[in-house]
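Below is one structure; the comments refer to it alone.
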Amino acid sequence: MTTPDAALTRLVQGFERFRAAYFETDHSLFDQLVWEGQRPQVMVVGCCDSRADPQMITDSGPGDLFVIRNVAALVPPYMPDGRLAGVSAALEFGVKGLEIGHIVVLGHAMCGGVRSLMEYGDADPRFEFMGRWVGLLAEAREEVRSLVTEAEPALLARYAERASVLVSLRNLMTYPWIAERVAAGRLALHGWYFDFTWGVLMAAESPRGPFRQIDAAGLPRAAVGECHDRR
């Protein structure tokens, strides 16, 4: 098992490789990022899980993605109640400030947050905050339980992981400034699911599914809207 010191050493060595690969070989890229700022076309809402890094999965480089990560890749519904709202603030900055053209909700297999949702709902006794957070996906839990009544818990969780992506996808449309841009053809919404047990990536065909495997033969269509704005 990797010790904490060894893990940190690996991070520092990784930074040295990163510096050599980018700063020392592609000065123009970082000059552009410094002086012109970031202009990503795609925002990804992904999970905190260390096995599901959006940049690694898509082999993206610096400046390519605007990434929001949280437990279960969750998008809460629009709630302008004056409370602190980290995910909503990041969505707002990406959409209004950076004018991104695509939002991808990226769920994944073996998600601990979704497993907590399926086992405990919004009252996981092991945690202080997580139960209420994943409880925002209660719709996915009830939907899966109503459709699949006798499946093994592991299979139910796989269904729920995809259903949770769809709930977050639908929640995106509750934000008025997202819905307006979708209607105007300036923003497209995507629901993707990464199954690292098989090494496949799937995309939702609509806010209610189904999911189809993505391959190099053609780009998957957006689940909601199309982006006609070409910056």
Side-chain angles (χ1 to χ4, degrees), residues 38-60 63-80 84-117 129-130 132-141 160-182 186-196 201-209 211 214 220-227:
Q38 60 171 327
R39 293 180 61 83
Q41 291 289 308
V42 179
M43 174 192 295
V44 178
V45 183
C47 185
C48 296
D49 195 299
S50 60
R51 301 164 295 181
D53 181 354
Q55 288 186 277
M56 181 181 68
I57 292 168
T58 60
D59 193 24
S60 297
D64 289 342
L65 302 178
F66 185 77
V67 179
I68 307 168
R69 297 183 73 173
N70 63 64
V71 172
L74 196 160
V75 176
Y78 179 67
M79 293 183 288
L84 296 175
V87 174
S88 299
L91 285 170
E92 186 176 43
F93 182 77
V95 172
K96 292 184 178 181
L98 300 177
E99 297 183 342
I100 54 92
H102 300 270
I103 300 177
V104 177
V105 178
L106 178 63
H108 69 93
M110 314 297 286
C111 180
V114 174
R115 186 168 63 248
S116 170
L117 170 74
F129 298 105
M130 197 170 77
R132 285 185 296 166
W133 175 250
V134 297
L136 293 170
L137 294 170
E139 181 181 344
R141 183 176 188 246
E161 286 157 0
R162 292 191 287 272
S164 295
V165 170
L166 299 178
V167 170
S168 285
L169 195 60
R170 296 193 293 269
N171 283 348
L172 283 170
M173 286 297 288
T174 66
Y175 292 77
W177 27 270
I178 288 179
E180 289 167 5
R181 285 165 172 79
V182 169
R186 297 166 56 196
L187 181 61
L189 310 182
H190 308 260
W192 290 5
Y193 177 77
F194 172 50
D195 188 340
F196 57 77
L201 186 64
M202 293 182 279
E205 295 188 337
S206 80
R208 295 285 175 182
F211 283 80
I214 298 173
R221 294 181 58 185
V224 182
E226 296 180 5
C227 181

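Computed from a predicted model, the values in this text were never measured in an experiment.
Using a 4.5 Å cut-off on side-chain heavy atoms (C-beta onward), Asn171 and Pro77 make contact. Using a 4.5 Å heavy-atom cutoff, the side chains of Leu172 and Val105 are in contact. Annotation: side chain of Phe66 is not in contact with side chain of Val44 (no heavy-atom distance under 4.5 Å). Side-chain contact between His108 and Asp195 is absent, with no heavy-atom pair separated by less than 4.5 Å. Using a 4.5 Å heavy-atom cutoff, the side chains of Leu189 and Ile178 are in contact. At least one side-chain heavy atom of Tyr78 sits under 4.5 Å from a side-chain heavy atom of Pro176. Considering only heavy atoms from C-beta on, Glu99 stays 4.5 Å or farther from Arg39 through its side chain. Within the 4.5 Å cutoff, the side chain of Val224 has heavy atoms near those of the Met173 side chain.
Between Leu169 atom CG and Ser164 atom OG the span is 12.0 Å, to the nearest 0.5 Å. In this structure, CG on Leu74 lies 5.0 Å from CH2 on Trp133, to the nearest 0.5 angstrom. Between atom OG of residue Ser206 and atom CZ of residue Arg221 there is a gap of 10.5 Å, rounded to the nearest 0.5 Å. Within the model, atoms CZ of Phe194 and CE of Met56 stand 6.5 Å from one another, a figure rounded to the nearest 0.5 Å. Of the inter-residue distances, the one linking Leu201 atom CG with Ile214 atom CD1 reads 4.0 Å to the nearest 0.5 angstrom. In this structure, SG on Cys47 lies 11.5 Å from CG on Asp53, to the nearest 0.5 angstrom.
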- [ ] For the pair Ser168 and Leu137, evaluate side-chain contact (heavy atoms from CB on, under 4.5 Å) and give the outcome as yes or no after the intermediate values.
- [x] CA-CA 8 Å; Ser168 285; Leu137 294 170; 4.2 Å; yes
- [ ] Determine, step by step, whether Glu139 and Arg170 satisfy the salt bridge (charged side-chain N to carboxylate O under 4.0 Å, His left out) criterion, reporting the C-alpha distance in whole Å, the side-chain angles of both residues, the deciding distance to 0.1 Å, and the verdict.
- [x] CA-CA 11 Å; Glu139 181 181 344; Arg170 296 193 293 269; 2.7 Å; yes
Open item on the list: Val75 vs Leu136, test: side-chain contact (heavy atoms from CB on, under 4.5 Å). Steps then yes/no.
Closed with: CA-CA 9 Å; Val75 176; Leu136 293 170; over 6 Å; no
Open item on the list: Would Ile68 and Met43 count as a side-chain contact (heavy atoms from CB on, under 4.5 Å) here? Give the steps.
Closed with: CA-CA 8 Å; Ile68 307 168; Met43 174 192 295; 3.8 Å; yes
Open item on the list: Using side-chain contact (heavy atoms from CB on, under 4.5 Å), reason through Leu65 and Thr58 one step at a time and then give a plain yes or no.
Closed with: CA-CA 10 Å; Leu65 302 178; Thr58 60; 3.7 Å; yes
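Here the shortest heavy-atom pairing between Val134 and Ser116 reads CG2-OG, 4.2 Å. For the residue pair Ser88 and Trp177, the shortest heavy atom distance occurs at O-CH2, 4.1 Å. Listed here is the closest heavy atom pair of Val71 and Gly113: CG1-CA, 3.8 Å. Gly225 and Ala188 get closest at one heavy-atom pair: O-CB, 3.9 Å. When every heavy atom of Val114 is checked against every heavy atom of Ala160, the shortest pair comes out as CG1-CB, 3.6 Å. Looking at every heavy atom in both residues, Val67 comes nearest to Pro54 through CG1-CG, 4.1 Å.
Relative ring orientation between His102 and His190 is described as tilted, the plane-to-plane angle lying within the 30° to 60° band. Ring geometry for Phe211 versus Tyr193: interplanar angle over 60°, hence perpendicular rather than tilted (30 to 60°).
Under a 3.5 Å cut-off, the side chain of Arg181 and the backbone N or O of Leu187 do not form any donor-acceptor pair. Without hydrogens or angle criteria, Glu161 side chain to Cys111 main chain gives a donor-acceptor distance under 3.5 Å. Using a distance-only test at 3.5 Å, with no hydrogens or angles considered, a donor-acceptor pair links the side chain of Arg69 to the main chain of Asp49.
The 12-atom threshold is not exceeded at CE of Met110, counting heavy atoms of other residues, nucleotides or ligands nearer than 6.0 Å.
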